[in-house]
Undergrad: 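What follows is a single structure, and I will ask about it in a moment.
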Amino acid sequence: MPLNHFHTGRQTPIIAGPGSLEQLPELRRRLGASRYMIISDQGLAATGLVDALVDDLTADAEVDTFLAPTGEPSVATADEAAAAVRALPGRPLVIGLGGGTALDIAKLVAALAESQGDMENYLLARTPWAGRVPAVMVPTTSGTGSEVTRTSILTDVEGRKLWAWGDELLPDAVLLDPVLTRGLPAPLTATTGLDAFVHALEATTGQGRHTFIEAPALQAIRQVGQALPTAVTTPNDLVARQRMQEAACLAGQAIDNGGTGIAHNIGHALGSCFHLPHGVAVTLALEASLAWSVADNEACFAPAAHALKAGSKAQELPRLFRELADQTRFNQALAPFATLTLDTETLALTMQKEENAPMARNAARRPTGEDWQWLADATVTVFDRRVAELATQNREISA
């Protein structure tokens, strides 16, 4: 392998283990914040986790909350939350509590609170951030890795999935408490965990890969393969839950330095066109594209295949990934979308739009010409096949 040049981003301090939330008062004091602002979402609030954290923190300082609508984060929600933070007296500690939606919004809000203008100004890195208020991320899912990345994903008024980027989006600390993930339903455990796998695989095989990307990415792949099936079938297994939190975080660090690839290009297009959740979309996209990506690129995929199953070759990776998705009952996550009809031409066109171009450029194999339509067709074929499998599985359960 020839010598290469690279640089890595700042690493966010991570505090892991059951009871990590108890560190918040000390973090608030150390970061010079006078109060708390918890950014979460309505779905998580319904579980009681938000109220429980408010109760725990009220004895230490004033606590405010902002609850985002359930679903993908939006430009409008980021602006609304930022206005709430700007209106607070004193300097708040922004706490992102939840999955990708809450974490992405919290990161944006912390930066918007110290920057001029609306969220629209900062999409696709059009404007540099002016700074941020202190921020701590507390993930309650194990997939997005958003807690340790300089990127946030959100939708605009047209439903397009866009991104914002900057060093200011890195928080001051991350708390990984596996207790918070025990109540995650099996389909969400599966899709968020498979999302972490996709992150790790695309980072370690992307155009910008280097040693400091490969190390966390390959370890993330190992831990997802070992822990995700257990986390799905035995939700109270805190060892598996913490291993998955670690894997998601490692994969997040990998994509923060190495970016993502073709599965995310397709996945973002699926989200924009058909509003499939991110973990569902990238899982379908990776299954559809992986054999195509591996072709003539066996050397860069071989370490990932070995990490997932010792002794495996690159050509086996597509089968191994399908088996992992089946082990984790991925088809159950498709139930809410079983009646969708996906249009391949619309998908192919959206994959080629500006907001999705960086992911295609970074892919191990870059699509050209007819590849776009082939990949779109393959993705829809995987979706239709898995929906049919789900119907068969449900009939067998009912019989």
Undergrad: Does atom CD (Glu26) have a neighbourhood of more than 12 heavy atoms from anything else shown, all under 6.0 Å?
TA: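 Above 12, so yes.
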Undergrad: Over all heavy atoms of both residues, which pair between Gln207 and Ala363 is shortest? Give the atoms and the distance, please.
TA: NE2-O, 2.8 Å
Undergrad: If two hydrophobic side chains count as joined below 4.5 Å and joins carry through other members, does Leu170 share a cluster with Ile15?
TA: no
Undergrad: Given the rule in the side chain to side chain donor-acceptor pair (under 3.5 Å) test, do Gln219 and Arg222 qualify, once you have shown the distances and angles that lead to the verdict?
TA: CA-CA 5 Å; Gln219 182 60 24; Arg222 290 186 196 98; 3.0 Å; yes
Undergrad: Please check: side-chain N/O of Arg132 versus main-chain N/O of Glu168, any donor-acceptor pairing under 3.5 Å?
TA: yes
Undergrad: Indicate the atoms forming the closest heavy-atom contact of Gly267 with Ala285, along with that distance.
TA: N-CB, 4.1 Å
Undergrad: Membership question, hydrophobic clusters at under 4.5 Å side-chain separation (ILVMFWY): are Leu390 and Leu324 in the same one?
TA: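 Yes.
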Undergrad: Are any non-hydrogen side-chain atoms of Pro92 and Val85 less than 4.5 angstrom apart?
TA: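 Pro92 reaches Val85 side chain to side chain.
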Undergrad: Determine, for Asp60 against Arg29, whether the closest basic-nitrogen to carboxylate-oxygen distance falls under 4.0 angstrom.
TA: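 Judged by the 4.0 Å cut-off on N to carboxylate O distance, Asp60 and Arg29 do form a salt bridge.
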Undergrad: Check whether any side-chain heavy atom of Ser40 sits under 4.5 Å from a side-chain heavy atom of Leu53, and report yes or no.
TA: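 No, too far: nothing below the 4.5 Å cut-off.
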Undergrad: Begin from the C-alpha positions of Asp167 and Trp129 and carry the test side-chain contact (heavy atoms from CB on, under 4.5 Å) through to its verdict.
TA: CA-CA 9 Å; Asp167 285 343; Trp129 302 98; over 6 Å; no
Undergrad: Could you go through Asp172 and Arg30, starting from their C-alpha distance and side-chain angles, then the distance that decides it, and tell me whether this counts as salt bridge (charged side-chain N to carboxylate O under 4.0 Å, His left out)?
TA: CA-CA 10 Å; Asp172 293 284; Arg30 190 189 314 163; over 6 Å; no
Undergrad: Has the side chain of Asp64 got a donor or acceptor atom that lies under 3.5 Å from a matching backbone atom of Met37?
TA: no
Undergrad: Does any part of the side chain of Pro89, heavy atoms only, come nearer than 4.5 Å to the side chain of Arg35, both counted from C-beta?
TA: yes
Undergrad: Please walk me through it: do Arg365 and Asp296 pass salt bridge (charged side-chain N to carboxylate O under 4.0 Å, His left out)?
TA: CA-CA 9 Å; Arg365 179 178 177 183; Asp296 297 325; 5.9 Å; no
Undergrad: Out of curiosity, Arg322 CZ to Gln327 CD, how far, rounded to the nearest 0.5 Å?
TA: 13.5 Å
Undergrad: Are Leu180 and Val138 packed together at the side-chain level, in the sense that at least one heavy-atom pair is separated by less than 4.5 angstrom?
TA: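 Side chain of Leu180 against side chain of Val138, heavy atoms only: contact under 4.5 Å found.
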Undergrad: With heavy-atom distances below 4.5 Å as the criterion, would you say the side chains of Thr12 and Glu147 are in contact?
TA: no
Undergrad: State, yes or no, whether a side-chain contact exists between Thr204 and Pro303 at a heavy-atom distance under 4.5 Å.
TA: no
Undergrad: Would you say Asn362's side chain and Pro358's backbone share a donor-acceptor pair under 3.5 angstrom?
TA: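 Side chain of Asn362 to backbone of Pro358, a donor-acceptor pair under 3.5 Å: no, none is there.
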Undergrad: Would Arg395 and Thr392 satisfy side chain to side chain donor-acceptor pair (under 3.5 Å), going step by step from the backbone distance to the final call?
TA: CA-CA 5 Å; Arg395 284 195 297 270; Thr392 300; 3.2 Å; yes
Undergrad: Quick check on side chain to side chain donor-acceptor pair (under 3.5 Å): which of Thr151, Thr101, Asp104 does Ser146 satisfy it with?
TA: Asp104
Undergrad: Using the rule that Ile, Leu, Val, Met, Phe, Trp and Tyr join whenever any side-chain heavy atoms are under 4.5 Å apart, tell me whether Ile39 and Leu112 fall into a single cluster.
TA: no
Undergrad: Is there a side-chain contact between Val54 and Tyr36 in this structure, where contact means two heavy atoms from C-beta onward sitting under 4.5 Å apart?
TA: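 No, too far: nothing below the 4.5 Å cut-off.
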Undergrad: Taking the side chain as every heavy atom from C-beta outward, state whether Arg91 and Val133 have any pair of such atoms under 4.5 Å apart.
TA: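 Result yes, sub-4.5 Å side-chain heavy-atom pair found.
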Undergrad: Val232 and Thr328: which non-hydrogen atoms are nearest, and at how many Å?
TA: CG1-O, 3.8 Å
Undergrad: Is any side-chain N of the basic residue among Arg126 and Glu120 closer than 4.0 Å to the acidic one's carboxylate O?
TA: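 Here Arg126 pairs with Glu120 in a salt bridge, since their nearest N and O are under 4.0 Å apart.
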Undergrad: Under 3.5 Å, is there a donor-acceptor pair between the side chain of Asp195 and the main chain of Thr192?
TA: no
Undergrad: To the nearest 0.5 Å, how far apart are OG1 in Thr379 and CE in Met351?
TA: 6.5 Å
Undergrad: Using the ring of each side chain (for Trp, its six-membered ring), is His199 parallel, tilted or perpendicular to His278, with breaks at 30° and 60°?
TA: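 Plane angle between 30° and 60°, so tilted.
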Undergrad: Nearest 0.5 Å, what's the CG-CE distance between Leu176 and Met137?
TA: 12.5 Å
Undergrad: So, the side chain of Ser74 versus the backbone of Asp156: is there a donor-acceptor pair under 3.5 Å, distance only?
TA: no
Undergrad: Could you tell me whether a side-chain N or O of Glu202 sits under 3.5 Å from a main-chain N or O of Gly261, the two making a donor and an acceptor?
TA: yes
Undergrad: Dump the intermediate steps for salt bridge (charged side-chain N to carboxylate O under 4.0 Å, His left out) on Lys313 and Glu298, then the final yes or no.
TA: CA-CA 8 Å; Lys313 298 179 180 180; Glu298 288 85 358; over 6 Å; no
Undergrad: Take atom CD of Glu323 as the centre, draw a 6.0 Å sphere, and report whether it contains more than 12 heavy atoms from other residues, nucleotides or ligands.
TA: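 More than 12 heavy atoms, drawn from other residues, nucleotides or ligands, come within 6.0 Å of this atom.
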Undergrad: Counting N and O atoms only, with roles assigned by atom type, does the side chain of Lys107 sit under 3.5 Å from a partner on the main chain of Val148, one being a donor and the other an acceptor?
TA: no
Undergrad: Closest heavy-atom contact between Trp292 and Arg366?
TA: CH2-C, 4.0 Å
Undergrad: Looking only at heavy atoms, which two atoms of Ser289 and Ile266 are closest? And how far apart?
TA: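 So the minimum-distance heavy-atom pair works out to CB-CD1, 4.3 Å.
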Undergrad: Can you list the steps and then say if Gln253 with Asn257 is a side chain to side chain donor-acceptor pair (under 3.5 Å)?
TA: CA-CA 7 Å; Gln253 290 174 336; Asn257 286 301; over 6 Å; no
Undergrad: Under 3.5 Å, is there a donor on one side chain and an acceptor on the other for Thr234 and Asp237?
TA: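 No, Asp237 and Thr234 have no side-chain donor paired with an acceptor closer than 3.5 Å.
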Undergrad: Can a donor-acceptor pair be found between the side chains of Gln393 and Glu389 at a distance below 3.5 Å?
TA: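 No.
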Undergrad: So, for Pro134 and Leu31, which heavy atoms are closest and what is the spacing to 0.1 Å?
TA: CG-O, 3.7 Å
Undergrad: Please check if atom CZ in Phe212 has more than 12 non-hydrogen atoms from other residues, nucleotides or ligands closer than 6.0 Å.
TA: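 No.
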Undergrad: Linking I/L/V/M/F/W/Y whenever any side-chain heavy atoms sit under 4.5 Å apart, do Leu184 and Leu238 land together?
TA: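 No; tracing contacts between hydrophobic side chains, which count when under 4.5 Å, never links both residues.
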Undergrad: Look only at the side chain of Ser272 and the backbone of Lys161, and say whether a donor-acceptor pair between them is shorter than 3.5 Å.
TA: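 The answer is yes, because a donor-acceptor pair under 3.5 Å joins these two groups.
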Undergrad: Can you tell me how far OG1 of Thr350 sits from CD of Glu355, rounded to the nearest 0.5 angstrom?
TA: 8.0 Å
Undergrad: Please round to the nearest 0.5 Å and tell me the distance separating atom OG1 of Thr8 and atom NE2 of His210.
TA: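 If we round to the nearest 0.5 Å, Thr8:OG1 and His210:NE2 are 7.0 Å apart.
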Undergrad: Looking at CZ of Arg241 and CG of Leu228, how far apart are the two atoms once the value is rounded to the nearest 0.5 Å?
TA: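 Rounded to the nearest 0.5 Å, the CZ-CG separation comes to 9.0 Å.
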Undergrad: Between Arg386 and Asp326, is the salt bridge (charged side-chain N to carboxylate O under 4.0 Å, His left out) condition met? List the steps.
TA: CA-CA 10 Å; Arg386 284 200 168 274; Asp326 291 340; 3.0 Å; yes
Undergrad: Take Thr344 and Asp377 through the side chain to side chain donor-acceptor pair (under 3.5 Å) test and state the conclusion after the steps.
TA: CA-CA 6 Å; Thr344 61; Asp377 291 342; 3.3 Å; yes
Undergrad: Start with the C-alpha distance between Phe321 and Leu194, add both sets of side-chain angles, then the distance that settles side-chain contact (heavy atoms from CB on, under 4.5 Å), and finish with yes or no.
TA: CA-CA 9 Å; Phe321 180 70; Leu194 292 168; 4.0 Å; yes
Undergrad: Would you say Leu93 and Ile105 are hydrophobically clustered, going by side-chain heavy atoms of ILVMFWY under 4.5 Å?
TA: no
